[in-house]
Structures are given as C-alpha cells and as structure tokens.
*Asks:* 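Below is the structure I would like to discuss, written out as structure tokens.
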Amino acid sequence: MDKTEKEKLSESDVCDLFITPAIANAGWDQLRQVRREVTLTPGPVIVRGNLSSRNKKKRKFADYVLSWQPGLPVAIIEAKDNKHGVSDGLQQALGYAEILNLPTAFSSNGDGFAQHNRVATDGEDTESVLTMDGLPSPRELYLRYCLFHGIAPEQEPLVEQPYHLDSSGKEPRYYQIEAINRTIEAIARGDRRVLLVMATGTGKTYTTFQIIWRLWKAGQAKRVLFLADRNILVDQTLVNDFKPFGQHMTKVRNRKIDPAYEIHLGLYQALTGQEETDKIFKSVSRDFFDLVIVDECHRGSAAEDSAWREILDYFEGAIQIGMTATPKETEYVSNTTYFGEPAYTYSLKQGIEDGFLAPYKVIRIDIDKDLLGWTPPAGMKDDLGNEIEQREYNRMDMDRVLVLNQRTKLVAERVMRFLKATDPMSKTIIFCEDIDHAERMRAAIVNAAGSIARENPRYVMRITGDSVEGKAQLDNFIDPEQPFPVIATTSQLLSTGVDAKTCKLIVLDRTITSMTMFKQIIGRGTRIDEDHNKYFFTIMDFKKATELFRDPDFDGEPVVIYEPEDDDPPVPPDPDDGDPGDDVDDDDPSGTKLVVSGVPVHIIAERIEYVGSDGTLITESYREFAKKAVLAEYRSLDEFIAKWNASDRKQAIIAELEEHGVVLANLQAEVGKDVSDFDLLAHIAYDQPPLTRRERADKVRKRNYFAKYGDQARAVLEALLDKYADEGIETIEDTKVLRLRPFDRIGTPIEIIKGAFGGKAAYDAALTELEAQIYGRAANE
C-alpha cells in the first residue's frame with residue numbers, strides 16, 4: 001500500500017491492518033495479553049442544579065494495553081491514523097502509562113513504533129523509533145516492569161499469581177489493579193506492614209479480596225484474619241466480595257476461632273474483652289494467622305491495653321495490611337508510623353476527576369439563632385421548668401445544650417421541601433448531634449413528610465446503636481431494591497462502613513470538627529449507581545460543617561506529626577471520638593438539655609456550591625457552565641455562526657458540546673422556552689434573543705428567498721422549512737426525510753433530487769443555503 005492510500009485509512013483501519021498484526025508477530029497472545037480499546041476512566045460527572053452529565057472529553061481511553069498476564073499490565077500503545085507522525089500519540093500514551101505506573105509507552109501510525117522507556121540505562125535512548133517488526137516481546141517488557149518496580153527474580157512467582165476471575169466478567173478498575181499489584185509487590189519484597197489509602201466508594205473490600213486471594217493461592221497466607229469493628233462491615237464482606245472463598249471461610253462466632261477454616265472474618269469485640277478469659281484470639285498460637293487485614297484501620301485504638309493493639313501485637317509475626325479512606329495522623333497516633341507509607345493512595349478528588357465517584361453539590365443554610373445567637377429573657381424557664389442560664393446561645397449549643405423545637409421543625413421542613421422538589425424517595429441520611437436529637441428529628445420528619453409518612457411508617461427510621469428496630473431496618477435502607485426506609489436519622493452509626501450506594505442526600509445537622517469523621521460521612525454519598533440513576537449527591541449543611549472542604553487537609557497528603565519516644569513503640573490510631581462499634585452510639589446526651597418551644601426560628605441565608613474541576617467548591621449555574629464551554633470552542637458569535645453554517649451536520653457540533661458535558665435538554669430546562677438548538681446556544685453564550693424554530697422559519701418566509709427556485713424545488717424547500725420548525729435541524733439534514741410526507745407526494749428521493757434540483761450536489765447546496773437563511777444574522781433582525 002502506498003503512502004497516499006495509507007493516509008486515507010481511519011485510525012481503526014491502521015490498527016486492524018498494521019498495529020494488531022505487528023503485536024501478534026512480536027509474540028503477544030491476542031486473547032490473554034492484549035486488550036484493545038480499554039476505557040481507563042469514564043470521565044467526570046458534571047453537576048449543575050438538579051442535572052448532571054458526563055464530560056466524555058476528559059475520559060481516558062487506551063488503544064492497547066499489553067499485559068504479561070491478566071491484571072499485570074506492562075505497556076501502553078496509542079494509535080493514530082497515518083496522517084499523523086509516528087510519535088504523535090506518545091505524550092498521550094505516556095499519560096496513560098503514568099496512571100498505570102508502567103515503564104513503557106508506545107505510539108504508532110502504522111509506519112513504526114515510537115517508544116518511551118523509563119528504565120533505559122545511560123547507554124540507551126529513553127525515546128526511540130522502532131520498525132513495525134521491532135516491537136519488544138512480552139518477556140522483554142515484563143523484565144522492564146520488574147526492573148521498574150524493583151522485583152527480584154525470586155519474587156516473581158508471587159507477583160505473577162493470578163487474580164480471581166469473576167464468572168460475571170467483572171474486572172478490577174485501573175486503580176484497584178494498582179492497589180492490588182503494589183501491595184503484592186511490597187509483600188514479595190518482604191514488607192510485613194502495608195497501608196492502602198482508598199477513598200470511600202472505590203471498592204476497598206473488593207481490592208482486599210483480590211489481595212487475599214492471590215496471597216492465599218500462592219501459599220503465602222494459609223490462614224487469614226479480616227478484622228473489623230462493626231457487624232455490618234463483616235456481614236457485607238462475607239456475603240458479597242469474599243463469597244468466592246466459599247466453604248473455606250467463616251465468621252468468628254460464639255467466641256470461638258475454628259481451626260477448620262482458613263479465612264476468618266472477625267468483629268474485634270468478639271475476639272477480645274476485659275477479662276483474660278474473654279481474649280479468645282489467644283486460644284490459637286501466635287503464628288496461627290499468616291495475614292491480618294485491618295479494615296477501617298484509622299479506627300484502631302492506640303491505648304496500650306486496647307483490643308486492636310492486643311490482637312495486632314499477639315499476631316505480630318503475620319503480614320498486617322491496613323485499609324482506610326482516611327489515614328489518621330495526630331500528635332498521639334499515626335497510621336503511617338505503624339503501617340508505613342501507603343503502598344498506594346487513591347483520593348476522593350481523583351475518583352471524582354476520573355468519574356468513578358459521584359461529585360456533590362452543597363446547599364449551605366444559615367439559621368438566625370445559629371448565626372446571630374439567642375439570649376433568653378431574664379428569668380425564662382424551659383418547657384420542663386428548668387431555669388435557662390442568662391447567656392448567648394449559638395450554633396455550638398444547638399441540640400447539645402439547648403433544644404429549640406422550632407429549629408428542629410424548620411430543619412425537617414427544609415429537608416422535605418428539597419426532597420419533594422426533587423424526589424421524595426431519594427435515600428437520605430440525616431446526621432444529628434446525638435441519639436436524642438436523632439429521635440426528635442425523626443418525629444419532625446414524620447410531621448413534615450405528611451401523607452407519605454402516614455402511609456408507610458418506615459418512610460423515616462432512627463438508625464442508632466441503641467435502636468433495635470432501627471438497626472433491623474439497616475439492610476433495607478442500604479438495599480437499592482427496597483424502597484423503605486427512605487430517610488435515616490442517626491448520630492454516628494452510619495458514618496462509616498455502610499455501603500449505601502443510592503444515598504442521594506446527606507444532611508448535616510451535627511457539629512463536626514474531626515476531618516476524619518467528616519470525610520467518612522461524606523463518603524456515604526460518593527458511590528455512583530448508574531442502574532438507579534445515581535450520578536451525584538447533595539449535601540445539605542445546617543452547621544457549617546462543609547467549611548472543612550476548604551481546609552488544605554481535606555483530601556491532602558497525610559502528614560506525620562506523631563513523635564513517639566525511643567522506648568514507645570508505634571501504635572495504630574484510636575477510633576474517632578471513642579466510637580465503640582455496633583452495640584451503642586457514643587453520642588448519648590450527657591446531662592439535661594434545655595428544651596424550649598415557641599421561640600421563632602428562620603432561615604436567613606442559603607447558597608449552592610458545586611465541586612469544580614480542581615476539587616474546590618464553586619458557585620456556578622448550569623447556564624454559566626455551558627456558556628464557558630461554548631466560548632471555549634467558539635470565541636465570538638460570528639465564529640459560532642460560521643462554524644454552524646459550515647458544518648454539514650449540525651448534530652456533530654451538538655455532540656461535540658455534549659462531550660464537554662453540555663446537554664441541550666438541560667439547557668432547555670434552564671431557559672424555560674422551547675427554542676431551536678442554535679438559538680439555545682447563541683442565547684446562553686452570546687446573549688442573543690432566543691427564537692423558537694417556528695419564529696425562525698417565519699422570518700425566512702418573509703424574506704421570500706424561495707422565489708429564485710422553480711415550483712417543484714420551492715415546494716420541497718418550503719416543506720423542509722416546515723419540518724425544521726416541527727422537528728429540528730437534524731431531521732432535514734438526513735436525506736431519509738424525503739421518504740416522508742409531504743415529500744412522498746412529490747416523488748421518490750431520487751426523483752426529487754434529480755428532477756427538482758438537477759442532482760445531489762445542487763440539492764446539498766440548496767439545503768446549505770436554506771440553513772444559512774435560517775441561522776444567518778438576518779434571522780435575528
């Protein structure tokens with residue numbers, strides 16, 4: 001094939017005819033070692049108002065991923081058509097290689113391979129151009145991978161241990177592969193303590209399962225203890241991600257460790273206790289477990305006699321892996337001091353940017369008595385006859401010291417107003433100050449919800465540690481297929497470990513100063529569930545808790561500030577605010593609260609913010625977002641009109657904007673008028689008066705430009721104008737329209753094109769002129 005013919009080929013043709021055969025000739029197994037058109041990230045979800053869309057322009061899509069074996073990628077190939085140079089895709093390939101932490105990236109246009117080798121020695125070129133038959137073999141690229149990651153030959157068998165293959169076809173996401181491989185490689189190098197930091201909603205438990213599976217199958221970990229501090233964490237793991245372990249797995253029950261099993265899932269409260277006889281972990285030898293996984297390890301206690309510390313110290317010879325979304329670093333305790341620097345970190349910000357995690361919008365609500373304070377009249381008593389101290393009460397006092405019943409009612413009514421305006425069946429968690437507050441909020445929501453709560457008593461439930469009835473409904477709350485309960489009021493029980501995939505609203509009526517707790521609470525909403533149309537979530541904040549988003553520590557790198565004495569061994573951190581686990585909430589009210597009815601309470605300010613592309617909160621409407629996107633592509637109205645008129649298919653421009661996340665249906669809702677696509681964009685971006693398609697069509701008719709055509713051509717063009725007015729530009733750009741009424745009365749499409757216009761070129765020219773008349777500046781006069 002000569003160069004001229006080759007340049008006419010599409011990128012897909014270049015792959016099929018040149019690149020794929022060259023990969024096969026280099027010895028790569030097409031079924032096991034080569035994956036083509038791999039979506040690494042789907043692109044972030046953009047939220048404005050109550051609408052969302054994906055920015056597909058920011059998705060990451062690799063043309064080829066080469067793997068030594070499934071789950072062990074070693075190189076990326078980016079393909080280009082032959083009109084590009086051989087190295088034109090190399091920077092893009094390097095970006096993907098960096099994401100996957102790979103040493104080798106290639107670009108190809110079908111003439112050769114441009115190579116970037118990150119482990120090149122001083123005598124080698126980092127970048128070079130290879131012939132089409134010069135692609136390195138699988139073994140050569142795997143050895144580069146081992147060199148890049150410091151894997152010695154004797155460590156390769158563990159590193160090469162296969163993943164568990166899911167019969168459903170489920171595959172780990174790129175960051176899960178990274179987390180799993182980096183952990184296995186660290187253990188292969190001899191590390192005995194490993195820390196993984198992965199944002200809530202990114203699949204820590206599935207990642208943990210694959211790590212255990214590979215170590216177990218390799219014989220590196222014959223007996224495993226998965227340690228958690230809440231029953232729901234253990235039970236969810238047992239029936240979901242760990243299910244493939246089957247009969248080899250058990251939950252520690254009846255205060256007994258059964259040696260007949262290999263995989264043990266244990267609640268630490270079930271393994272230990274105050275008395276020595278309660279410490280059942282000591283019923284087995286110190287070397288009984290080869291691997292201990294500490295789930296939510298930021299919650300492990302630092303006290304010398306704590307349960308976590310006792311268990312980890314007893315099995316000190318085992319490999320210990322800490323899993324957390326929020327590593328804890330204080331002057332007293334440190335995850336990284338105990339476990340070491342994270343083997344891998346995947347942050348909330350990165351997850352949202354990649355499009356795997358749901359972004360959020362924040363509704364900040366200021367209540368007058370919170371913001372301005374309230375001072376009771378002299379001698380005033382509360383509802384129970386208790387004298388109220390003569391001082392100013394503010395936000396920090398509300399529902400901790402002072403209960404204003406009208407405030408509770410106001411919050412409940414504002415929550416229900418939001419739900420009724422969006423979807424009253426949206427799963428919602430309301431975080432309250434304590435159990436007492438959660439119960440009062442439950443009752444207030446019942447009253448504010450009206451008939452929907454009367455018709456189903458489980459519409460709102462208090463789910464706290466002391467509520468047997470509430471905890472019994474927890475599984476129903478987190479089950480996407482169960483409609484009730486819809487709203488859960490809680491204080492702390494639902495702050496961590498609860499996999500509420502469809503939670504769309506998080507209400508903060510709780511004072512939160514702990515960054516760890518804040519991140520855990522926000523994590524309840526970060527899962528995307530496309531099957532149930534959950535792409536983003538809303539945070540309604542009544543206590544200024546979301547100001548923590550502006551703290552540099554939010555989603556920042558953990559900084560070690562713990563400095564133990566020389567004789568003081570490092571310890572894993574203690575739980576947030578003394579949280580004791582499943583049985584009770586630690587937020588029981590201490591002392592008597594002042595309860596006051598009749599004091600009026602009002603909302604004095606509200607503002608809505610969205611998470612921006614850089615992870616910060618911004619105030620911006622969907623209209624403003626769309627305007628920026630259009631102006632980024634077309635700087636002026638003239639440029640936009642020229643591009644619109646020059647485009648053979650206007651749908652291509654619309655699709656291009658949708659790639660940026662601008663969905664015209666969303667804009668129509670913003671404008672509130674059914675205008676043409678062109679007018680919608682011109683109005684939003686360039687402040688042009690919006691015209692409907694019918695108004696545009698009428699302006700064209702007034703100009704009488706059809707007069708220069710013959711009777712038959714004029715009839716066709718007038719009918720096309722009517723079709724545009726009724727259905728839009730996409731309809732008349734498709735020649736299939738000529739098969740429809742009223743054109744079928746004039747003739748067949750071929751008869752119309754030839755008889756009325758003299759051929760396809762003349763018909764296309766007439767259609768282009770019609771569109772220019774529709775969208776020209778004169779149409780706005």
Side-chain angles (χ1 to χ4, degrees), residues 155 158 182-197 208 211-212 214-216 218-229 233-234 252 255-259 261-324 327-330 332-343 560 562-575 581:
Q155 297 162 0
L158 178 57
R182 298 298 83 79
T183 301
I184 295 295
E185 289 162 12
I187 293 170
R189 290 192 295 266
D191 292 355
R192 309 297 289 179
R193 304 283 183 271
V194 181
L195 177 64
L196 280 180
V197 179
T208 301
I211 292 169
I212 296 173
R214 293 175 66 186
L215 292 173
W216 182 56
Q220 186 84 13
K222 296 179 181 178
R223 287 198 183 97
V224 179
L225 174 62
F226 178 87
L227 196 59
D229 70 341
L233 296 175
V234 174
V252 177
R255 305 198 65 79
K256 180 182 177 182
I257 296 177
D258 190 341
Y261 294 91
E262 296 170 68
I263 312 297
H264 300 254
L265 284 73
L267 190 69
Y268 84 79
Q269 295 95 321
L271 270 70
T272 191
Q274 295 295 322
E275 303 298 328
E276 192 66 22
T277 54
D278 294 330
K279 303 181 191 303
I280 65 165
F281 64 89
K282 293 186 177 180
S283 66
V284 296
S285 64
R286 287 179 174 271
D287 61 357
F288 183 81
F289 290 113
D290 307 301
L291 173 64
V292 178
I293 306 285
V294 186
D295 193 34
E296 304 289 357
C297 68
H298 65 279
R299 295 159 59 82
S301 177
E304 286 293 332
D305 59 350
S306 72
W308 287 102
R309 177 68 181 276
E310 281 187 311
I311 296 171
L312 294 176
D313 282 350
Y314 188 77
F315 299 114
E316 64 179 350
I319 298 166
Q320 295 179 3
I321 300 176
M323 308 288 296
T324 182
K328 195 167 208 179
E329 301 298 333
T330 73
Y332 305 107
V333 292
S334 168
N335 275 123
T336 54
T337 301
Y338 184 80
F339 288 103
E341 290 295 322
V560 179
Y562 170 63
E563 297 180 356
E565 300 293 333
D566 291 340
D567 58 350
D568 180 21
V571 292
D574 49 7

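All values derive from a computational prediction rather than experimental measurement.
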*Asks:* What is the minimum heavy-atom distance between Gln220 and Ile187, and which atoms define it?
*Replies:*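 The answer is NE2-CG2, 4.2 Å.
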
*Asks:* Give me the atom names and distance for the closest heavy-atom approach of Arg286 to Asp313.
*Replies:*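 Where Arg286 meets Asp313 most closely, the heavy atoms are NH1-O, 3.6 Å.
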
*Asks:* Quick one: CG on Asp287 to NZ on Lys222, what's the gap to the nearest 0.5 Å?
*Replies:*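 Reported value, rounded in 0.5 Å steps: 11.5 Å.
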
*Asks:* Under the side chain to side chain donor-acceptor pair (under 3.5 Å) test, which residues partner Thr277, sequence neighbours left out?
*Replies:* none

*Asks:* How long is the gap from CD on Gln269 to CZ on Arg255, to the nearest 0.5 Å?
*Replies:*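 Reported to 0.5 Å precision, the distance equals 10.0 Å.
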
*Asks:* So how far is it from Glu262 CD to Ile212 CD1, rounded to the nearest 0.5 Å?
*Replies:* 12.5 Å

*Asks:* Is there side-chain contact between Phe288 and Ile257, with heavy atoms separated by less than 4.5 Å?
*Replies:* yes

*Asks:* Does a side-chain heavy-atom distance below 4.5 Å link Val294 with Leu312?
*Replies:*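 They are in contact (side-chain heavy atoms under 4.5 Å apart), so the answer is yes.
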
*Asks:* Could you report the tightest heavy-atom contact between Ile184 and Leu158, atom names first, then the distance?
*Replies:*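 For Ile184 and Leu158, the tightest heavy-atom pair comes out as CG2-O, 3.7 Å.
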
*Asks:* Decide yes or no for Leu215 and Val224: does some side-chain heavy atom of the first lie under 4.5 Å from some side-chain heavy atom of the second?
*Replies:*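 Of all side-chain heavy-atom pairs linking Val224 with Leu215, none is under 4.5 Å.
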
*Asks:* Looking only at heavy atoms, which two atoms of Ala318 and Phe289 are closest? And how far apart?
*Replies:* CB-O, 3.3 Å

*Asks:* For a quick test of reading the model, state the closest non-hydrogen atom pair linking Leu195 to Phe339 and the distance between them.
*Replies:*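 Here Leu195 and Phe339 meet closest at CB-CB, 3.7 Å.
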
*Asks:* About how many Å separate CG of Asp278 and OG1 of Thr272, when rounded to the nearest 0.5 Å?
*Replies:*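 Those atoms lie 7.5 Å apart.
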
*Asks:* Any non-hydrogen side-chain atom of Ile263 less than 4.5 Å from a side-chain atom of Phe226?
*Replies:*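 Result no, sub-4.5 Å side-chain heavy-atom pair not found.
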
*Asks:* Identify the residue among Ile293, Thr324, Ile211 that makes a side-chain contact (heavy atoms from CB on, under 4.5 Å) with Leu196.
*Replies:*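 Checked Ile293, Thr324, Ile211 against Leu196; only one passes side-chain contact (heavy atoms from CB on, under 4.5 Å): Ile211.
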
*Asks:* What is the minimum heavy-atom distance between Gln320 and Phe315, and which atoms define it?
*Replies:*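 Closest approach of Gln320 to Phe315: NE2-O, 3.3 Å.
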
*Asks:* When rounded to the nearest 0.5 angstrom, what distance separates CD1 in Ile321 from CG in Asp191?
*Replies:*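 Those atoms lie 10.5 Å apart.
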
*Asks:* Output yes when Lys282 and Glu310 qualify as a salt bridge under the 4.0 Å nitrogen-oxygen rule, no when they do not.
*Replies:* no

*Asks:* Flag the pair Ile280 / Val252 as yes when at least one side-chain heavy-atom distance between them is below 4.5 Å, and no otherwise.
*Replies:* yes

